[in-house]
Amino acid sequence: MTRTDQDGLTVIDHPLIRHKLTIMRRTGTSSAQFRQLLREISLLLAYEVTRDLPLEDVEIETPLAITQKKQLSGKKPCFVSIMRAGDGLLQGLLDLVPSARVGHVGLYRDHDTLQPVKYYFKMPHGLDERHVLVVDPMLATGNSAAAAISLVKEAGATNIRFLCLVAAPEGVKALRDAHPDVPIFTAALDEGLNEKGYIMPGLGDVGDRLFGTK
Ligand code: URA
């Protein structure tokens, strides 16, 4: 696993992630394969994003001895899905951290103002004491991610990271401008946005591909 960190952006690079992402990008990939691959990649990404979770000492008894070892300290981390595509990332994250809490943010884009509007918001208690990871597979314009993170901050979170699968440079800039305190992690940084706001070359509409809708 190699990481390229620059100005709050970490690209998590690994041959397995690249290979799986290439299959996801192909038009012929079925929804079932797409979902499974996203689950597998999100598990690999979660491994890297959780690398510096704090630990504490714990005394345990093995069949042979009493010993001091480490365990995660503090409140359980919280994964926040930006619906609906964010839900595709949740499964792999929860495979790795089954005890994590999960929050959901639902946003739609107002046709007149083009701004994200909240239609659903549910968070676990004690957000201020949790490591919060906001997830959405595609960081395109950055508007939804920035709005979701503002809501999560209003709900009390102070320690926030953002995880996506593919980012566009425009989205990275917008999110860094709006929330310079929130580090961004991605599996790939693509070329940019097309006129409809899709990431190029990207992988199309992730929600539709995940759930077989059109
Ligand atoms: N959302 C998607 O699902 N795909 C994109 O390319 C951009 C936003």
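These numbers come from the heavy atoms of this one structure, side chains and all, not from hydrogens, waters or symmetry mates. Both ligands and their constituent atoms are indexed starting at 1 by order of listing. All figures in this text were calculated on a predicted structure; none of them were measured in a lab. In what follows, residues are counted from 1 in the order of the sequence shown.
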Nitrogen or oxygen atoms of [X] and ligand 1 under 3.5 Å apart:
X	answer
Val206	yes
Ile199	yes
Gly207	no

Could you identify the single nearest non-hydrogen protein atom to [atom] and state the distance to 0.1 Å?
atom	result
atom 4 (N) of ligand 1	Gly204 O, 2.8 Å
atom 1 (N) of ligand 1	Met138 CB, 3.9 Å
atom 5 (C) of ligand 1	Tyr198 CD2, 3.5 Å

Between Asp208 and Thr213, is any side-chain donor less than 3.5 angstrom from a side-chain acceptor?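 Indeed, the side chains of Asp208 and Thr213 share at least one donor-acceptor pair under 3.5 Å.
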Say whether His179 and Ser150, considering side chains only, have a donor N or O and an acceptor N or O under 3.5 Å apart.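 Present: a donor and an acceptor within the cut-off.
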Inspect the contact between Arg35 and Asp87 and indicate whether a charged nitrogen and a carboxylate oxygen are less than 4.0 angstrom apart.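 No, this pair does not count.
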salt_bridge(Lys173, Glu170) N-O dist < 4.0 Å: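 Glu170 and Lys173: not salt-bridged.
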About how many Å separate CD of Gln33 and CZ of Arg209, when rounded to the nearest 0.5 Å?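 Answer for the CZ-CD pair, Arg209 versus Gln33, is 9.5 Å.
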Lys196 to Tyr198, cation-pi by 6.0 Å centre distance and 45° axis angle: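 No; the conditions do not both hold, so Lys196 does not lie above the ring face of Tyr198.
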Mark up the atoms of ligand 1 that fall under 4.0 Å of a heavy atom belonging to Ala140, in ascending order.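 Contacts of ligand 1 toward Ala140, numbered from 1: 7 (C), 8 (C).
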Going by the order shown, which atoms of ligand 1 are within less than 4.0 Å of some heavy atom of Gly197?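 The list of qualifying atoms is 7 (C).
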